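Residue numbers start from 1 in every chain, and the chains themselves are labelled A, B, ... in the order their sequence lines are given, proteins ahead of strands. Quick caveat, the model's predicted, so the values are computed rather than measured.
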There are 2 protein chains.
Amino acid sequence: MKKEDSTEHLILDAAKEIFQSKGMDGARMQEIADKAGINKAMLHYYYRSKQLLFEAVFKNVFSLLAPQLNSILNDDSSVETKVTNFTADYTAFMMKHPYLPNFIINELNRNEDFILKLQEQTGFPNLEKFKVQVATEINSGTLKPIDPDQLFVNILALNIFPFLGKPLIKALTKKDDASYAAFITSRKTEVATFIINSIKM
Amino acid sequence: MKKEDSTEHLILDAAKEIFQSKGMDGARMQEIADKAGINKAMLHYYYRSKQLLFEAVFKNVFSLLAPQLNSILNDDSSVETKVTNFTADYTAFMMKHPYLPNFIINELNRNEDFILKLQEQTGFPNLEKFKVQVATEINSGTLKPIDPDQLFVNILALNIFPFLGKPLIKALTKKDDASYAAFITSRKTEVATFIINSIKM
DNA sequence: AATAGGTTTAACCATATGGTTAACAAATGT
DNA sequence: ACATTTGTTAACCATATGGTTAAACCTATT
């Protein structure tokens with residue numbers, strides 16, 4: 001039997017879908033069991049409690065996101081190249097996982113201490129290299145002076161917010177789903193241009 | 001008796017706090033009643049159901065946010081001035097209502113159709129004037145070419161995201177609450193500079 | 001074939017939860 | 001003063017929900 005067909009894995013897949021779309025409070029154990037096509041008791045057999053199943057899902061989902069962040073932080077290309085690649089890659093990734101950003105952000109707001117458990121995990125994104133790199137490029141006159149933390153948050157904000165705020169932005173800009181998808185697609189390059197215009201000397 | 005002391009108002013205030021911090025699914029009617037210091041039956045006497053109480057709260061909260069958006073859209077100052085004022089005002093406003101952005105964003109994601117009820121309300125933000133203005137300033141050579149919708153989303157993103165993603169950003173940038181507050185405060189001017197650097201010809 | 005181990009299910013349990021009711025109190029009008 | 005409406009409470013109800021249990025069901029080992 002393949003690993004993907006194991007009951008434990010079926011449960012995790014079903015739980016990922018339900019928890020991501022409805023959140024911890026909105027999710028129902030019975031609904032997860034139904035989606036997995038198994039008896040509700042199996043959820044507790046493999047994961048003990050709703051809380052532990054949720055944490056397994058959260059860590060799994062976060063481990064999808066972390067590499068996306070690390071990609072911009074830990075390679076040796078210039079800041080300009082990183083911004084360009086990150087914007088394109090991150091947007092493409094999020095178009096495949098539309099519930100992911102809101103899930104992460106919302107659950108971290110619901111329980112601020114939960115991030116502590118993630119920080120201990122290997123692969124938790126580290127900004128040190130990025131900070132040094134930005135400082136170096138500012139010194140060498142390639143970039144205008146800017147606090148690396150501020151720049152990093154700006155990059156995240158411009159890339160993530162369109163997924164978090166989709167319903168609001170759709171209404172404000174009067175777009176339907178198709179034109180919103182086109183809007184997001186064009187951001188793959190627009191956002192990088194916007195950032196680079198701002199910081200390039 | 002002052003309006004603020006009426007039972008109906010006590011309920012709405014308590015419900016605003018509970019719904020904003022815990023969301024529709026996480027909120028408990030009993031907890032709202034306890035916070036308001038009244039009997040649970042009163043919630044149903046004045047608001048019929050949890051859903052209707054929630055909608056009353058949501059509309060009330062959204063009506064706090066809408067003027068903030070309208071302020072950037074509907075006055076006659078230049079785009080540069082608007083961005084500067086909006087960034088400072090919006091950030092100051094959000095520091096006073098820290099749960100508001102996540103509440104709005106998350107509940108709209110939970111129920112995408114709900115925004116339709118808001119659009120009908122008077123005062124729902126309208127972008128037309130802003131779009132014309134950006135187009136005019138691009139034509140006159142004041143601004144670099146940019147799609148007004150993209151610029152608008154960028155402004156929103158840079159201003160709202162630091163409040164939505166606070167727990168995540170705190171962990172990534174290794175800031176405590178005090179240094180995060182300072183970080184946000186410096187964004188009151190940093191964000192405007194960042195945007196203007198990018199779009200000014 | 002018998003045994004032992006893990007796996008799965010239906011039925012069950014205790015509690016939480018949104019909502020209702022009937023009696024009571026406090027205003028309000030006549 | 002009396003009646004009527006409005007506001008308030010404690011007790012109650014039906015259902016949903018996370019979790020448990022005991023028995024049944026494989027499946028591999030002896």
Side-chain angles (χ1 to χ4, degrees), chain A residues 1-61 99 103 106-107 110-111 113-114 117, chain B residues 1-61 99 103 106-107 110-111 113-114 117:
Chain A
M1 184 176 62
K2 294 172 190 168
K3 189 188 170 192
E4 299 83 52
D5 294 332
S6 75
T7 302
E8 190 170 350
H9 197 94
L10 284 175
I11 292 171
L12 195 67
D13 276 352
K16 269 160 82 170
E17 277 195 55
I18 302 293
F19 276 131
Q20 279 195 69
S21 59
K22 307 201 168 183
M24 170 67 172
D25 293 329
R28 294 292 160 251
M29 295 295 267
Q30 187 61 58
E31 196 179 0
I32 294 171
D34 289 347
K35 171 142 282 181
I38 47 94
N39 188 285
K40 179 164 69 87
M42 289 285 88
L43 304 185
H44 295 96
Y45 181 78
Y46 284 105
Y47 293 93
R48 287 267 303 279
S49 68
K50 186 184 185 185
Q51 178 64 27
L52 288 175
L53 175 56
F54 172 79
E55 290 181 14
V57 166
F58 194 93
K59 284 177 185 168
N60 185 293
V61 169
Y99 286 115
F103 174 67
N106 191 50
E107 296 300 334
R110 204 176 54 81
N111 181 0
D113 294 333
F114 196 56
K117 293 186 187 171
Chain B
M1 184 178 61
K2 293 172 190 170
K3 188 188 171 190
E4 300 82 53
D5 295 332
S6 74
T7 302
E8 189 170 352
H9 198 93
L10 284 175
I11 292 172
L12 196 67
D13 276 351
K16 268 159 84 169
E17 276 195 56
I18 301 293
F19 277 131
Q20 279 196 71
S21 59
K22 306 201 169 184
M24 170 69 172
D25 292 330
R28 295 290 159 251
M29 294 295 268
Q30 187 62 58
E31 197 178 359
I32 294 171
D34 290 347
K35 171 143 281 181
I38 45 94
N39 189 285
K40 181 163 70 85
M42 288 286 89
L43 304 185
H44 294 95
Y45 180 80
Y46 285 105
Y47 293 93
R48 285 268 302 281
S49 68
K50 186 184 185 184
Q51 177 64 26
L52 288 175
L53 175 56
F54 172 79
E55 291 181 15
V57 166
F58 194 93
K59 285 176 184 168
N60 185 294
V61 169
Y99 286 115
F103 174 67
N106 191 50
E107 297 301 334
R110 204 176 54 81
N111 182 1
D113 294 333
F114 195 56
K117 293 185 185 171

(message) Expressed as a whole number of angstroms, how long is the span from B:Q51:CD to C:dG19:P?
(response) 9 Å
(request) Quick one: sort the B:F103 and B:F58 rings into parallel, tilted or perpendicular, breaks at 30° and 60°. (result) tilted
(request) Mark yes when over 12 heavy atoms from residues, nucleotides or ligands other than A:Y99 sit less than 6.0 Å from its OH; otherwise mark no. (result) no
(request) Give the rounded distance in Å between these two atoms: NZ of A:K22 and P of D:dG18. (result) 12 Å
(request) Could you check which of D:dA10, D:dG19, C:dT9 has an atom nearest any side-chain atom of B:A41? (result) D:dA10
(message) Please classify the nucleic acid contact of A:A33 as base, sugar-phosphate, or nothing, using heavy-atom distances under 4.0 Å.
(response) nothing
(message) As a test of reading the structure: which of D:dG18, C:dG19, C:dT8 is closest to the side chain of A:T7, going by heavy atoms?
(response) C:dT8
(request) Start with the C-alpha gap between A:D34 and A:Q30, add the side-chain angles, then the distance that decides, and say whether side-chain hydrogen bond (donor to acceptor under 3.5 Å, both in side chains) holds. (result) CA-CA 6 Å; A:D34 289 347; A:Q30 187 61 58; 3.0 Å; yes
(request) Classify the nucleic acid contact of A:Y46 as base, sugar-phosphate or nothing, counting any heavy atom under 4.0 Å across all strands shown. (result) sugar-phosphate
(message) Under 3.5 Å, is there any donor-acceptor pair linking the side chain of A:K50 to the base of D:dG19?
(response) no
(message) Looking at A:E8, is its backbone amide N or carbonyl O close enough to the side chain of A:Y47 to form a donor-acceptor pair, meaning the two atoms are under 3.5 Å apart?
(response) yes
(request) Please determine, for the side chain of B:N39, which listed nucleotide (D:dT8, D:dT9, C:dT8) has the closest atom? (result) D:dT9
(request) Classify the nucleic acid contact of A:M42 as base, sugar-phosphate or nothing, counting any heavy atom under 4.0 Å across all strands shown. (result) base
(message) Can you tell me how the ring of B:F114 sits relative to the ring of B:F54, calling it parallel under 30°, perpendicular over 60° and tilted otherwise?
(response) tilted
(request) Write down the distance between CG (B:D25) and C1' (D:dA16), rounded to a whole number of angstrom. (result) 14 Å
(message) Starting the side chain at C-beta, find the nucleotide from C:dT7, C:dG19, C:dT17 nearest to B:R28.
(response) C:dT17
(request) For A:M24 and for B:I38, locate the closest nucleotide of DNA chain D by heavy-atom distance; then report the residue assigned to the nucleotide nearer the 5' terminus. (result) B:I38
(message) Nearest whole Å is fine: how far is D:dC25 C1' from A:Y45 OH?
(response) 12 Å
(message) Looking only at the side chain of A:K40 (C-beta and beyond, no hydrogens), which of the listed nucleotides C:dT7, D:dT6, D:dG19 gets closest?
(response) D:dG19
